[in-house]
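Notes to accompany the following structure.
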Number of protein chains: 2
Amino acid sequence: MAEAKPRSPPDRKFVTALSRGLEVLRCFGPRDRWLANQEIARRTGLAKPTVSRLAYTLTRLGYLRSSEATSKYALGGAAIGLGFAALGQMDVRRVARPFLQELSQYTKASVHLAVNDRLSMQVVDTYWNSASFVIDIGSRVPVATTSLGRAWVSSLPAPERKRILEAMRVARPADWPVNRKRMEQAFRDFDAHGFCFGLGDWRREINAVAAPLLLPDGAGPIVVGVSGAAFQLEQDVLKRDVGPRLLALLGNVRSGLSPDRELEGG
Amino acid sequence: MAEAKPRSPPDRKFVTALSRGLEVLRCFGPRDRWLANQEIARRTGLAKPTVSRLAYTLTRLGYLRSSEATSKYALGGAAIGLGFAALGQMDVRRVARPFLQELSQYTKASVHLAVNDRLSMQVVDTYWNSASFVIDIGSRVPVATTSLGRAWVSSLPAPERKRILEAMRVARPADWPVNRKRMEQAFRDFDAHGFCFGLGDWRREINAVAAPLLLPDGAGPIVVGVSGAAFQLEQDVLKRDVGPRLLALLGNVRSGLSPDRELEGG
DNA sequence: CACCTCGTTTCGTACCGCGAAACCACGTGC
DNA sequence: GCACGTGGTTTCGCGGTACGAAACGAGGTG
């Protein structure tokens, strides 16, 4: 939704129909598997017939599938294919794997690799050893209240940083005062140490530390984080042991990516 | 102006611009990370300015990102987000995990969970213990030459089966004679045992067995497969030990999914 | 049956997206 | 320096596409 500017858009390059179709796909969060036409219309702010046509198109292309009993849609196989095509191109994952595994073993905690998507961090790799608590691949966690998210925001240049904070404020005005305070603390942490903390404010009893990895290929920053039971990962441990190890890991990963084969699609 | 339109079907419901935009995204295979405007135009058969506009739109929405040096695009974070949103709704994965892990341990081989996307099988979960060869999450393998693909085709009703085979024939005419023979053998295997084999014809020295899991939620069949070194997983072992265990596993998974909470979105 | 609710189809019109051609921006050879 | 080649973007008028109000249809309920 939003973006509804029927009068003013001098942006002749922007293809509205495409944008709307993708907006329909975006409706499907992890929470809602089946959405009715009307619900999609409500969420996107589009007219019913429009949704009907877009959904029809998406279904024909395999991005949606419709329940037999009709009138409900769910994400289809093509959507998965698309996401994994994107995932497969992140050779960071391949390079980082052994390091992440090792760190996971050492810390006896979970190690995550995440990318940003709007106001969420999308976990694209997970390693754990005996942790009872697992953020699975595919999980999404909020930017605002996790170390993963804070590390990501911290790594952005000032203007983008500001845009994100503004978006956060608008999205959850009630939480903004506390979020803002925590975020500013995160910036200080990042400047001082190079990593950010998450101390029980996403989930009680879960502490975490995370740091961004900037790649030279123009992609958004990737974030690596360690999380585990608070009694095991006290802030002091995170700051003095886990955090520095995390930074060392990032250095290893960075040099593991051959620095000269950029933009080579082959 | 009266009369007919000789060209496209009068499918007033189909939104062309959306379809084209998604076609652009589809260009990006695992092979090609960066695509130039022209290359996209070539692959999709669209006119250059059209591609330019679609790419612009997709970039603004986060589905693509453009290299600094301009003129090249790669898949962006939103694409990943979309795929994982779809993935997160497959609670099969959650339920199946312990069983898959156990089977992986028992067989000392890799165990995969895959869904179909056109002529590929998309691996959405992987378990391995000490296997040297790993098909990672996100890998795609061909339908035609793998046990995963064969099991999937075997599970389809006759008409769809036919359609897929036809698509396979068109896509790779040269390989069709041998593929057809193998596929027919796969159908016989499936009828006889309930699973299909892959014996070194995708990768030498890799044997595999796979079986489909049909879920009551109207989704396409999901496929579970075991693969490993040929000398460890001889066909006889696959047929007499691993295969039956695989079927038992599917039974467990199926009953693990509470059979009555269908179509219930959040 | 009348009366909901929700999804799809119709249909005329506004306007959106299309693509030939012009326009740029870089490289490259001479 | 210039012509030339290549590859991407912008212009702009036209055709037809996608939009959405309203009509239609399909289930469900009293």
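Just so we're clear, the structure is a prediction, and the values are computed from it rather than from any experiment. Numbered from 1 within each chain, the chains take letters A, B, ... in sequence-line order.
Proximity of Ser52(B) to the phosphate of dG8(D): no side-chain N or O atom is located under 4.0 Å from OP1 or OP2. In this structure, Arg53(B) does not reach the dT9(D) phosphate: none of its side-chain N or O atoms is under 4.0 Å from OP1 or OP2.
For the pair Arg43(B) and Phe28(B), the cation-pi test (distance below 6.0 Å, angle within 45°) is failed.
Taking atom CG on Leu58(A) and atom P on dA18(D), their separation rounds to 13 Å, with Å as the unit. Separating the NZ atom of Lys13(B) from the P atom of dC11(C) is a distance of 15 Å, rounded to the nearest angstrom. The interatomic distance linking Lys72(A) (NZ) with dG7(C) (P) rounds to 8 Å, in whole Å. One can place CZ of Phe14(A) at 13 Å from P of dC18(C), the figure rounded to the nearest angstrom. Rounded to whole Å, the distance from CG on Asn37(B) to C1' on dC24(C) is 14 Å. Atom CD1 of Ile40(A) is separated from atom P of dT8(C) by 9 Å (rounded to the nearest Å). In this entry the distance linking CG of Leu54(B) with C1' of dG19(C) reads 12 Å, nearest Å. Following rounding to the nearest Å, Leu46(A) (CG) and dA18(D) (P) show an atom-to-atom distance of 14 Å.
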Step by step, would you call Arg140(B) with Gln122(B) a side-chain hydrogen bond (donor to acceptor under 3.5 Å, both in side chains)?
CA-CA 5 Å; Arg140(B) 299 167 74 90; Gln122(B) 177 78 53; 2.6 Å; yes
Show your working on side chain to side chain contact (heavy atoms under 4.5 Å, CB included) between Leu87(A) and Phe84(B) and close with a plain yes or no.
CA-CA 10 Å; Leu87(A) 189 65; Phe84(B) 279 110; 3.7 Å; yes
Give the intermediate values and the outcome of side-chain hydrogen bond (donor to acceptor under 3.5 Å, both in side chains) for residues Asn37(B) and Tyr73(B).
CA-CA 8 Å; Asn37(B) 194 323; Tyr73(B) 295 97; 5.2 Å; no
Evaluate Arg26(A) against Asp117(A) for side chain to side chain contact (heavy atoms under 4.5 Å, CB included), listing each step before the verdict.
CA-CA 11 Å; Arg26(A) 265 214 175 288; Asp117(A) 183 24; 3.0 Å; yes
Might you work through the side chain to side chain contact (heavy atoms under 4.5 Å, CB included) test for Arg161(A) and Phe187(A), ending with a clear yes or no?
CA-CA 10 Å; Arg161(A) 211 188 249 191; Phe187(A) 296 155; 3.6 Å; yes
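For the contact set between residues 15-27 of chain B and DNA chain C, defined by any heavy atom under 4.0 Å, the members are Arg20(B).
The end-to-end axis angle of the helix from dC1(C)-dG30(D) to dC30(C)-dG1(D), rounded to 10 degrees and based on five pairs per end, is 30°.
Under a 4.0 Å N-O distance rule, the pair Arg169(A)/Glu166(A) qualifies as a salt bridge.
A side-chain contact (heavy atoms from CB on, under 4.5 Å) with Cys27(B) is found for exactly one of Leu75(B), Leu35(B), Val51(B), namely Leu35(B).
For the pair Asp91(A) (side chain) and Arg93(A) (backbone), a donor-acceptor distance under 3.5 Å is absent.
Counting distance only, with no hydrogens placed and no angle test, the side-chain atoms of Arg12(B) and the base atoms of dG12(C) include a donor-acceptor pair under 3.5 Å.
Each of Tyr73(A) and Lys48(B) has a nearest nucleotide on DNA chain C; the 5'-most of these lies closest to Tyr73(A).
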